[in-house]
Structures are given as C-alpha cells and as structure tokens.
Amino acid sequence: MADGTLVTLTRHLIEEQRRFPESRGEFSNMFLDLTLALKIISREVMKAGLVNILGETPDTNIQGETVMKLDRFADDRIFKAMDHGGHLCCMASEECENLIKIPSRFRKGDYVLVFDPLDGSSNIDKNVSIGTIFAIFKRVTEPGGDGTLEDALQPGHKQVAAGYCIFGSSTMLVYTTGQGVHGFTLDPSVGEFLLSHENIQCPEKGTIYSINEGNSLFWDQGTKDFVNFLKEQDKETGRPYSHRYIGSLVADFHRNLLAGGVFIYPTDFKNPRRPRPKLRLLYEAAPLAFIAEQAGGKASTGEKRIMDLTPTTLHERVPLVIGSRWEVEKYEEFYRKAKAQSE
Ligand code: AHG
Ligand code: MN
Ligand code: MN
C-alpha cells in the first residue's frame with residue numbers, strides 16, 4: 001500500500017464482507033481454504049525441478065491431453081483443500097471428465113467451484129509462467145443435497161467470484177467479486193498474500209497482441225484481417241503492434257491486463273469439417289472475462305459477450321478475444337464484416 005500498511009488477503013476479504021451485513025463469512029472462509037491450496041501449489045511449482053513432480057503421467061484427460069504430474073498434483077491439492085469445508089455442493093475441474101461430488105461424510109454448502117488447476121501445461125517443465133484459474137457460483141438447486149450439473153453449467157454473469165493465481169517471477173493472486181479487480185502478491189517468507197495491485201484497470205488500448213501465429217493458416221478471415229490490420233504502419237493508432245505469446249493463457253492475459261493489449265485464441269479450421277476452438281468456457285474464458293470486464297476491458301467470441309454464454313457441457317470450448325476494450329471491439333468489427341461477406 002502507498003502508506004506502507006500491509007493489507008493481507010484475509011483483511012481485504014473481511015473488509016469486503018462488511019459491505020454485506022447479512023454475510024456470515026461463508027464466502028471468505030471458502031476463499032481462504034482455496035488460497036491454502038494455491039500456496040501449496042506455488043511451493044511445489046517453485047521447486048518443481050528439484051522433486052519428482054515434473055514430466056508426464058501415463059494418463060490423458062478428457063481433453064485428450066497428456067496429464068502432467070503437476071496438473072494432477074494441483075488438481076488434487078485443490079480438491080483436498082475444498083472438499084471438507086462445507087461451503088461447496090460440487091466442483092468441476094479441467095482434469096475431471098465429470099462433476100466432482102463432495103464426499104458423503106461432509107456437509108454440502110451453497111457454492112460451486114470450477115477450476116483449471118494448472119493452465120499452461122506445455123510450459124510446466126520449462127520454467128515458464130503457469131497458473132490456476134477458478135470461478136465460484138451460488139448453487140441453483142435446493143440446498144443441502146449434492147450439487148448437480150445445473151449448479152455448474154451457469155453463464156459467466158452468474159459468477160459470484162473469479163480469479164487466477166499466476167506462478168511466475170512471483171506468485172500473484174488476482175480476483176474479483178464484482179467490486180473491482182485486486183492483485184495480491186505472495187510473500188513466501190510469511191505465507192501471506194499481500195495487496196500489491198488495488199483496483200486494477202486494464203488500459204483502454206494497448207500495443208500488444210497475443211495469438212499463436214503458427215496457426216495463422218487455419219484462422220477465419222476476420223482474424224486474419226484483424227491481425228494484418230495490427231501489423232500495418234499507423235502512428236496515430238500505435239501500429240504495428242508488438243507480438244507477445246507465452247503459451248500460458250494466464251500469463252498472456254495477466255500481462256495484457258496490466259499493460260493493455262489483446263489475447264486471441266480463435267476457432268481453428270485445420271479440419272474444415274470440424275472447426276475447433278481450444279479454450280474452455282467454464283473455467284478459462286468466463287472467469288477471465290469477469291476479471292477483464294471488472295477492470296474495464298472486454299471478452300468476446302468475436303460475436304457474443306463471453307459472460308452471456310451458458311455452457312451446455314463442463315468442457316465446452318469457445319473462441320476467445322479478451323483484453324483492452326479498443327482492440328476487442330476492433331476485432332469484433334473485422335470478424336463481423338468478414339462473416340457478412342462470406343454469407
Ligand atoms: P491448459 O494447460 O490448461 O490445457 O491450457 C493451455 C492453453 C492456454 O494456457 C494457452 O493459451 C493455450 O493452451 C496455448 O495453446 P497453443 O499451444 O495451441 O497455442
Ligand atoms: Mn488452461
Ligand atoms: Mn489446465
């Protein structure tokens with residue numbers, strides 16, 4: 001803090017909680033349970049090269065991707081931190097094909113947690129930034145019993161909280177409950193997340209674009225036109241833009257959130273008969289969309305607001321354009337124009 005006071009995450013949650021007099025602290029306690037898992041994951045990630053936790057498992061997940069040991073570790077730590085607190089009625093994870101039930105011996109609560117336990121798997125054993133992404137909903141089914149798919153398959157605008165933890169040069173937790181976006185940096189010497197970025201605002205416009213240029217042959221025309229537009233020379237709009245692509249959504253998103261710019265993962269038309277978006281709506285696109293909008297940015301499929309989409313399955317994929325308002329809206333212009341011309 002500017003005046004040197006240390007604001008811990010706990011203090012921040014309590015101060016936020018005071019805005020809701022009827023709150024019984026249920027949300028704060030649940031959120032703090034989650035941060036314990038994030039601290040443990042951070043500890044393992046930061047020493048991953050020293051312990052036998054790198055590399056691949058023999059398993060593949062529902063996505064057909066090889067499960068990395070650290071994916072499995074992170075998934076397991078979050079489950080164990082969250083299964084017994086009595087706050088959740090169910091969970092959903094990128095690493096689990098089906099809805100995750102709360103063990104019968106524990107009370108079922110009023111919230112739902114959905115998460116990508118470790119985002120950026122291809123970078124895990126390369127010492128490149130990776131992260132965890134999560135979102136929290138209120139259950140929509142009757143209280144007391146097991147949660148159902150109906151509780152998990154909710155549109156982004158129903159999220160009560162969303163966040164990510166980026167394991168990079170430092171470990172940083174960024175979250176929103178709809179009251180702005182706040183960043184906390186982990187001080188490992190005391191094991192506390194300390195407020196370091198209060199009320200993050202995404203610049204209205206940036207000079208960076210993030211996209212996997214290696215897939216450019218397989219993009220839709222609108223994406224091709226937009227990226228070519230960013231590469232043109234135009235002093236007034238700061239073009240040509242710089243290209244930055246880490247390959248971890250959390251890291252690319254976080255940099256653009258702070259510096260301004262746009263991240264794009266469009267539908268891949270490698271197989272024209274089976275166009276395929278890559279990123280998952282429930283636990284990647286929607287949580288980051290909540291954060292982007294709360295920070296003054298935007299998140300879209302190119303046509304639709306991400307926060308308006310209701311997933312039909314846990315692992316449903318969507319095209320994602322997210323970051324500074326100017327670039328997302330400009331992308332939407334190019335996307336719609338190319339689509340109209342193709343019809
Ligand atoms: P995950 O590791 O959770 O499967 O997510 C990986 C995602 C995302 O982090 C990143 O933006 C994207 O995959 C990179 O995909 P490409 O390697 O195809 O560019
Ligand atoms: Mn991911
Ligand atoms: Mn993942």
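In listed order, ligands and their atoms are each counted from 1.
From the protein, the heavy atom lying nearest to atom 15 (O) of ligand 1 is K278 NZ, 2.9 Å. Protein heavy atom in closest approach to atom 18 (O) of ligand 1: Y265 OH, 2.6 Å. The protein atom (non-hydrogen) at minimum distance from atom 14 (C) of ligand 1 is Y245 OH, 3.4 Å.
Distances between N or O atoms of G120 and those of ligand 1 include at least one value under 3.5 Å.
Within the 4.0 Å heavy-atom shell around ligand 1 one finds R280. Residue contacts with ligand 1 leave out S122, since none of its heavy atoms falls under 4.0 Å from the ligand. Close to ligand 1: L118, with a non-hydrogen atom less than 4.0 angstrom away.
Between the side chains of Y164 and H254, at least one donor-acceptor pair of N or O atoms lies under 3.5 Å.
Remark: at the Mn ion (ligand 3), atom O from L118 and atom OD1 from D116 enclose 90°, rounded to the nearest 10 degrees.
With hydrophobic clusters built from ILVMFWY side chains whose heavy atoms lie under 4.5 angstrom apart, M46 shares a cluster with I41.
If you look at E94 and ask which of its N, O or S atoms sits nearest the Mn ion (ligand 3), the answer is OE1.
Taking each of I130, D116, L279, D119 in turn, the one with a heavy atom nearest to atom 5 (O) of ligand 1 proves to be D119.
Each of the following atoms of ligand 1 lies closer than 4.0 Å to a heavy atom of L249: 8 (C), 9 (O), 10 (C), 11 (O).
Between R305 and E293, at least one side-chain N (NZ, or NE/NH1/NH2) sits under 4.0 Å from a carboxylate O, which counts as a salt bridge.
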